[in-house]
Amino acid sequence: MEKDDAVKENEKTNFIYQEIDKDLLDNKNKGVVLTRFPPEPNGYLHIGHAKSICLNFGIAQHYNAGCNLRFDDTNPIKEDEEYVDSIQEDVKWLGFKWVGEPKYASDYFDQLYLWAVKLIKNGKAYIDDQSADEIAKQKGTPTVPGVESQFRNRSVEVNLDLFERMKNGEFKEGEKVLRAKIDMASPNMHMRDPIMYRIIHKPHHRSGNKWCIYPMYDYAHGQSDFIEGITHSICTLEFEVHRPLYNWFLDQILEGDPIPDVRTRQIEFARLNLNYTVMSKRKLLELVQKGIVDGWNDPRMPTISGLRRRGYTPESIRMFAEKVGVAKRDNVIDVALLEFCIREDLNKKAMRVNAVLDPVKLVITNYPDDMAEWMETPNNPEDETMGTRKIPFSKELFIERDDFMEDPPKKYFRLGPDREVRLKSAYIIKCTNYIKDADGRIKEIHATYDAETRSGMPQSQRKVKGTLHWVSAKHCFEADVQLYDRLFMDPEPDGHKDIDFKEFLNPQSLTVISGCKLEPFLKDAKPLDHFQFQRIGYFTVDSKSDGKKLIFNKTVGLKDSWSKNSQKE
RNA sequence: UGUCCCGUUGUGUAAUGGCAGCACAGGUGGUUUUGGUCCAUCUAGUCGAGGUUCGAAUCCUUGCGGGACAACCA
C-alpha cells in the first residue's frame with residue numbers, strides 16, 4: 001500500500017517513539033509528554049550531544065509537547081559559568097527552544113535535602129564515616145558481593161543529627177557521606193548502598209556558599225525529572241544499570257504520598273560515535289588545555305561550536321542526527337555521512353564564487369592589454385532565485401596550478417600544451433606556450449582566446465573537455481585559507497588500550513595557505529558566510545576573520561572523482 | 001567467571017510472525033560551461049546450531065561475539 005509522502009516524512013520509527021506511543025496508548029502520565037536535555041556544564045557540547053538534543057527536542061515537536069533544558073550542576077568542582085553560556089548558545093543555534101527559563105538541578109537542592117531527611121527517617125539512608133578508600137573496598141566487585149559498613153545501623157536520631165551537622169559545615173571533605181541503605185550484595189553495583197551526598201567546601205556557580213553538601217548524580221537526576229514533571233527521561237546506554245536505582249529513589253521519596261499524575265521513566269539509547277575523532281569531554285578538554293587545538297571551537301573539533309566555525313549549518317547537523325537514527329546497539333558513524341549532510345545543505349544554499357588557492361599566471365596573449373569585460377555568471381545553478389552577478393575578465397588571469405600539466409595523461413581534461421579548455425563563464429582558450437623558472441616550476445602559461453566563444457554566444461556551445469575557474473589578476477585580492485583534514489589518522493583513536501589517543505594526531509590536520517586569489521565580490525564576506533569555491537569545495541569565513549584580512553575555513557571538499565581515480569593508478 | 005544490554009550488506013538504520021527495504025560509502029553508465037549537482041544502474045546482509053510455526057530477522061533454547069557496571073564524576 002502506498003503511503004502519503006507527508007506522512008512518511010513525519011513517521012518516526014525509532015524504538016523510543018514506539019515506547020512513548022505505547023505509554024500514550026496506556027494513558028500514562030495523563031497523556032502528557034515532556035522531555036529534557038540535561039547537560040553537565042563542564043565542557044562544550046559536541047556532535048554526540050547534538051544527537052541527544054535533536055532526539056529530545058524532536059520528540060517534543062512530534063508530540064506537540066515541550067522539552068526542558070536542565071543543567072545537571074551537582075559538582076561545583078568541575079562546573080563553570082562559561083559552559084552554561086556556551087551550551088545555551090549551541091542549543092539555540094541548532095534551532096531549538098526549551099520550555100521557559102533554563103532549569104538547574106541546583107534549583108532543587110532544598111527539596112532534595114528534605115527528601116534525604118525523609119529517607120533517613122524511614123531508615124533508608126545513613127551517615128557513613130568511612131573514607132572513600134574503605135567504602136570502595138567494601139563495595140566488592142561485579143562478581144564479589146560487598147560488605148556492610150559498620151555505620152550502617154546507626155539510629156535514625158544519630159543519622160539525622162549527623163546529616164544536619166554535615167549540612168552546617170561541621171565536617172571536612174571526605175569525613176562523612178550520606179548513603180542509601182539498599183543491598184550490599186546486589187548483583188547491580190549501583191544498588192550497593194550508593195552515596196547520596198558528599199561534602200564539598202567549594203562555592204557553587206549558582207548557589208554560592210549556601211551548601212557544602214552536594215547530591216550525587218543518581219540522587220539528583222531522577223528527582224529533578226520528577227519535580228519538573230518529565231515523562232520520558234532519555235539518556236545513553238551507560239545509565240542502563242542505574243535505572244533500578246533511578247526507580248528506587250523515586251519510590252522512596254514518594255513513599256506514603258498519593259500516586260502522582262506523572263511518573264517519569266528512563267529510556268536509554270546508544271550514544272553516537274564518529275570515526276577518526278574522539279567524543280569524550282575529558283579528551284576534548286585535554287586537547288584544549290594542551291593547546292593542541294585552537295580552543296573548544298577549533299574547526300577540527302567535533303564540538304557544535306567547532307562545527308559551526310568550520311562551516312556546518314544547523315540544518316546539516318539536524319539532517320545528520322536524523323540519518324544516524326536511534327537504537328541500542330553500539331555504533332560508529334562514518335564521518336563521510338556528516339560530510340554528505342553539509343554538502344547536501346550547502347549545495348542548495350551556497351553562492352558559487354571563484355577562488356584560486358594555488359595560483360599560477362595565465363596570460364591571454366591575443367587579448368587587449370587594458371581591456372576588461374564583466375562576465376555574467378549564475379550565483380547558484382541549483383537555485384535560479386539567487387540570481388547572477390558580473391565577474392571581471394582581463395588579459396592576465398590566475399588559474400589553479402594543478403589545472404595545468406606539461407605532459408598530461410589521456411584522461412586529464414584540463415590545460416596542457418596545445419590543449420583547449422573553457423574558462424567558466426568566459427572564453428574557450430588554447431594553450432600556446434608556458435614558461436618555467438630556474439627550478440623547473442611553471443611560472444606562466446600563455447594561451448589565446450577565441451572571441452567568438454564568449455559565454456552565451458553560439459560558438460560557446462562547442463564541446464570542450466574541461467572547464468576551469470579563474471580570477472582576473474588585476475581585479476582579485478588575496479586572502480588566507482585554512483585547509484582542514486581529520487584530526488586523527490586512526491578510525492578509533494581512543495579504541496586502543498595501550499596507546500594514548502594523542503599518538504594518532506594527524507600532523508597535517510591544518511594547512512594554512514596565504515596568497516589565495518579571490519574574485520572581488522568576496523571582499524564583503526562576513527564571518528560565518530558560506531560559499532562554494534567553484535570546483536574546490538565549500539568554504540566559510542572564519543569567525544576570527546577581521547576587516548583587515550579575510551580568512552576562509554574549508555568546510556568540506558566537493559566530491560572529487562578525478563583525484564579519487566587518479567590516485568588509484 | 002556475576003548482573004544487565006546488544007548482534008540485519010563495508011557503515012548506520014527499517015521490517016515487531018507474511019516480498020529483507022532505505023541512506024551513506026563503493027562500482028558502472030548518462031546529462032552537465034563546476035571531474036560538482038542531477039539521473040539511471042550494479043555490488044553487498046539477517047552471528048552459529050537446534051526448536052515452535054503453513055511461514056522466523058522477528059518467538060523459544062543454546063552456543064559464539066561485542067558492550068556497560070567496581071569516582072565521595074555525570
Side-chain angles (χ1 to χ4, degrees), chain A residues 13-15 18 38-40 42 72-75 77-79 128 131-132 135-137 139-146 173-179 186-192 194-200 214 216-218 220-221 235-244 268 270 275 281-282 322-334 336-341 343-344 347-348 352 354 377-378 380-382 411-414 422-426 428 453 455-456 460-469 532-537 557-566:
Chain A
T13 49
N14 77 56
F15 77 99
Q18 293 175 12
E40 183 188 14
N42 69 341
D72 232 336
D73 56 350
T74 56
N75 185 356
I77 295 168
K78 289 188 176 174
E79 293 150 12
D128 197 332
S131 70
I135 291 175
K137 231 169 271 165
K139 201 146 201 170
T141 70
T143 52
V144 177
E173 287 188 14
E175 224 175 310
K176 286 183 167 38
V177 289
L178 180 70
R179 288 231 257 170
S186 170
N188 183 337
M189 298 284 291
H190 297 279
M191 300 300 273
R192 323 241 262 228
I195 290 167
M196 295 167 62
Y197 272 93
R198 76 287 213 194
I199 299 167
I200 300 175
Y214 291 91
M216 298 286 291
Y217 165 85
D218 283 304
H221 198 91
C235 62
T236 44
L237 241 34
E238 68 267 28
F239 293 100
E240 202 155 28
V241 281
H242 294 241
R243 198 192 324 143
E268 310 86 10
N275 60 13
K281 274 199 258 184
R282 207 204 85 234
E322 196 63 44
K323 284 187 182 297
V324 298
V326 177
K328 293 189 78 162
R329 74 183 87 125
D330 291 332
N331 61 83
V332 182
I333 309 291
D334 194 336
L337 183 61
L338 225 206
E339 293 179 346
F340 166 81
C341 290
R343 282 194 195 102
E344 181 91 346
N347 177 48
K348 288 181 294 199
R352 271 57 171 173
N354 296 295
T377 190
N380 185 347
E382 300 300 308
K411 296 273 269 183
Y412 186 83
F413 300 155
R414 309 174 193 178
R422 183 191 307 279
L423 296 178
K424 172 90 178 167
S425 300
I428 294 172
T453 61
S455 282
S460 74
Q461 300 303 312
R462 231 173 71 207
K463 292 281 176 215
V464 186
K465 276 277 188 178
T467 301
L468 306 187
H469 64 280
Q532 186 197 92
F533 287 2
Q534 223 145 195
R535 297 211 305 133
I536 305 173
L558 255 26
K559 272 193 19 192
D560 184 357
S561 47
W562 160 246
S563 74
K564 202 158 60 185
N565 279 316
S566 53

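Small disclaimer: the values here were computed from a predicted structure and weren't measured.
- Relative to the side chain of A:K328, the nucleotides B:U33, B:U16, B:C5 differ in distance, and B:C5 lies closest.
- Side-chain contact between A:L468 and A:R414: present, with at least one pair of heavy atoms (C-beta onward) separated by less than 4.5 Å.
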Mind listing the N/O atom pairs, protein and nucleotides 18-22 of chain B, below 3.5 Å?
none

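- Contact annotation: the side chain of A:W562 approaches that of A:K411 to within less than 4.5 Å [non-hydrogen atoms, C-beta and beyond].
- A donor-acceptor contact shorter than 3.5 Å links the side chain of A:S186 to the backbone of A:N188.
- Remark: the separation of the C1' atoms in B:A57 and B:A40 is 31 Å, to the nearest Å.
- If you find the closest nucleotide of RNA chain B to A:R352 and to A:G140, the one lying nearer the 5' end belongs to A:R352.
- For A:T141, taking side-chain heavy atoms from C-beta onward, the closest of the listed nucleotides B:A74, B:C5, B:A70 is B:A70.
- For the pair A:R535 and B:U37, the criterion of a side-chain N or O lying under 4.0 Å from OP1 or OP2 is not met.
- For B:C64 and B:G21, the P atoms lie 33 Å apart once the distance is rounded to whole Å.
- Of the possible polar contacts, one joining the A:Q18 side chain to the A:T13 backbone as a donor-acceptor pair under 3.5 Å is found.
- The distance between atom CG of A:N347 and atom C1' of B:G36, rounded to the nearest whole Å, is 7 Å.
- On a pure distance criterion of 3.5 Å, a polar donor-acceptor pair joins the side chain of A:H242 and the base of B:A74.
- Base contact: A:F413 has a heavy atom under 4.0 Å from a base atom.
- Across all strands, A:V324 comes closer than 4.0 Å only to sugar-phosphate atoms, never to a base (heavy-atom distances).
- The residue A:F239 sits close to a base: some heavy atom pair falls under 4.0 Å.
- Regarding A:E238, its CD atom lies at a distance of 11 Å from the C1' atom of B:C69, rounded to whole Å.
- With both ends at atom C1', the span from B:U58 to B:G45 equals 16 Å, rounded to whole Å.
- Within the 4.0 angstrom heavy-atom criterion, no nucleotide atom of any strand lies near A:N188.
- At the heavy-atom level, A:K411 lies under 4.0 Å from base atoms of the strands shown.
- Nearest to the side-chain atoms of A:L558 among the listed nucleotides B:U34, B:G67, B:C69 stands B:U34.
- Among the heavy atoms of the strands lying under 4.0 Å from A:Y412 is at least one base atom, whether or not backbone atoms are also near.
- B:A23 atom P lies 19 Å from atom CG of A:L338, rounded to whole Å.
- Of the candidate nucleotides B:U13, B:A25, B:C73, B:U13 has the atom nearest to the side chain of A:R329.
- The gap from the C1' atom of B:C22 to that of B:G63 amounts to 33 Å, rounded to the nearest Å.
- If you check distances only, the side chain of A:R462 never reaches the base of B:U33 with a donor-acceptor pair under 3.5 Å.
- Pair assignment for B:C69: B:G2, on the basis of Watson-Crick or G-U wobble contacts that are both within less than 3.5 Å.
- The residue A:S186 sits apart from the nucleic acid: no heavy atom pair falls under 4.0 Å.
- Here the side chain of A:R535 pairs no donor or acceptor atom with the backbone of A:L558 at under 3.5 angstrom.
- Looking at heavy atoms from C-beta onward, A:Q534 lies in side-chain contact with A:R352 at the 4.5 angstrom threshold.
- Look at CD1 on A:I195: it is 11 Å from P on B:A74, rounded to the nearest Å.
- When side chains are defined from C-beta on, A:D218 does not count as touching A:P194, because their heavy atoms never get closer than 4.5 Å.
- A straight line from NE2 of A:H190 to P of B:C72 spans 11 Å, rounded to a whole angstrom.
- B:U34 atom C1' lies 14 Å from atom CZ of A:R343, rounded to whole Å.
- Across all strands shown, A:V464 has no heavy atoms under 4.0 Å from either base or sugar-phosphate atoms.
- By the 5.5 Å and 30° criteria, A:W562 is stacked with the base of B:G35.
- Counting any heavy atom pair closer than 4.0 Å across all strands shown, A:P38 reaches no nucleic acid atom.
- Residue contacts for A:G557: at a heavy-atom cut-off of 4.0 Å it reaches no nucleic acid atom on any strand shown.
- Taking both residues in full, the closest heavy atoms of A:E79 and A:N42 are given as CG-CB, 4.4 Å, listed atom of the first, atom of the second, then distance.
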Side chain to side chain contact (heavy atoms under 4.5 Å, CB included), that's the test. Do A:S460 and A:R422 meet it? Break it down for me. CA-CA 9 Å; A:S460 74; A:R422 183 191 307 279; 4.2 Å; yes
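- Taking the O4'-C1'-N9-C4 or O4'-C1'-N1-C2 dihedral as appropriate, B:A71 has a value within 90° of 0 and is therefore syn.
- Considering only the side chain of A:K559, B:G36 comes nearest among B:G36, B:C73, B:G35.
- For A:Q461 against B:U33, a side-chain-to-base donor-acceptor contact under 3.5 Å is absent.
- One can place CZ of A:R282 at 15 Å from P of B:A71, the figure rounded to the nearest angstrom.
- Using a cutoff of 4.0 Å between basic side-chain nitrogens and carboxylate oxygens, A:K78 and A:E40 are not scored as salt-bridged.
- Taking the side chain of A:P187 as heavy atoms from C-beta on, and the options B:U33, B:A74, B:G2, the nearest nucleotide is B:G2.
- If you check every strand for non-hydrogen atoms under 4.0 Å, A:N42 touches nothing.
- For A:L337, taking side-chain heavy atoms from C-beta onward, the closest of the listed nucleotides B:G2, B:A74, B:C24 is B:C24.
- Remark: B:U16 base-pairs with no nucleotide in the shown strands. Criterion, Watson-Crick or G-U wobble with two distances under 3.5 Å.
- Among B:G36, B:A68, B:U16, the nucleotide with an atom closest to any side-chain atom of A:Q18 is B:U16.
- Rounded to a whole angstrom, the distance from the C1' atom of B:U8 to that of B:U3 is 27 Å.
- In this structure the side chain of A:N75 reaches within 4.5 angstrom of the side chain of A:I200, judged on heavy atoms.
- The residue among A:M189 and A:E382 whose nearest nucleotide of RNA chain B lies closer to the 5′ end is A:E382.
- Between A:L338 and A:I333 the shortest side-chain heavy-atom distance does not fall below 4.5 Å.
- Taking side-chain N and O atoms only, A:R192 has no distance below 4.0 Å to OP1 or OP2 of B:A70.
- For the P atoms, the distance linking B:C59 with B:G18 amounts to 11 Å, nearest Å.
- B:C24 and B:A49 are spaced 33 Å apart, taking the P atom of each and rounding to whole Å.
- Contacts of A:K463 with the nucleic acid, taken as non-hydrogen atoms under 4.0 Å apart, involve only primed sugar atoms and P, OP1 or OP2.
- For a distance-only test at 3.5 Å, the side chain of A:S455 qualifies as a donor-acceptor partner of the base of B:U33.
- Applying the Watson-Crick and G-U wobble criteria (two distances, each under 3.5 Å), B:U53 pairs with nothing in any strand.
- Contacts of A:R414 with the nucleic acid, taken as non-hydrogen atoms under 4.0 Å apart, include base atoms.
- Within 4.0 Å of A:S561, counting heavy atoms only, lie sugar-phosphate atoms of the nucleic acid but no base atom.
- Pair assignment for B:C64: B:G7, on the basis of Watson-Crick or G-U wobble contacts that are both within less than 3.5 Å.
- A gap of 34 Å separates the C1' atoms of B:G26 and B:A68, to the nearest Å.
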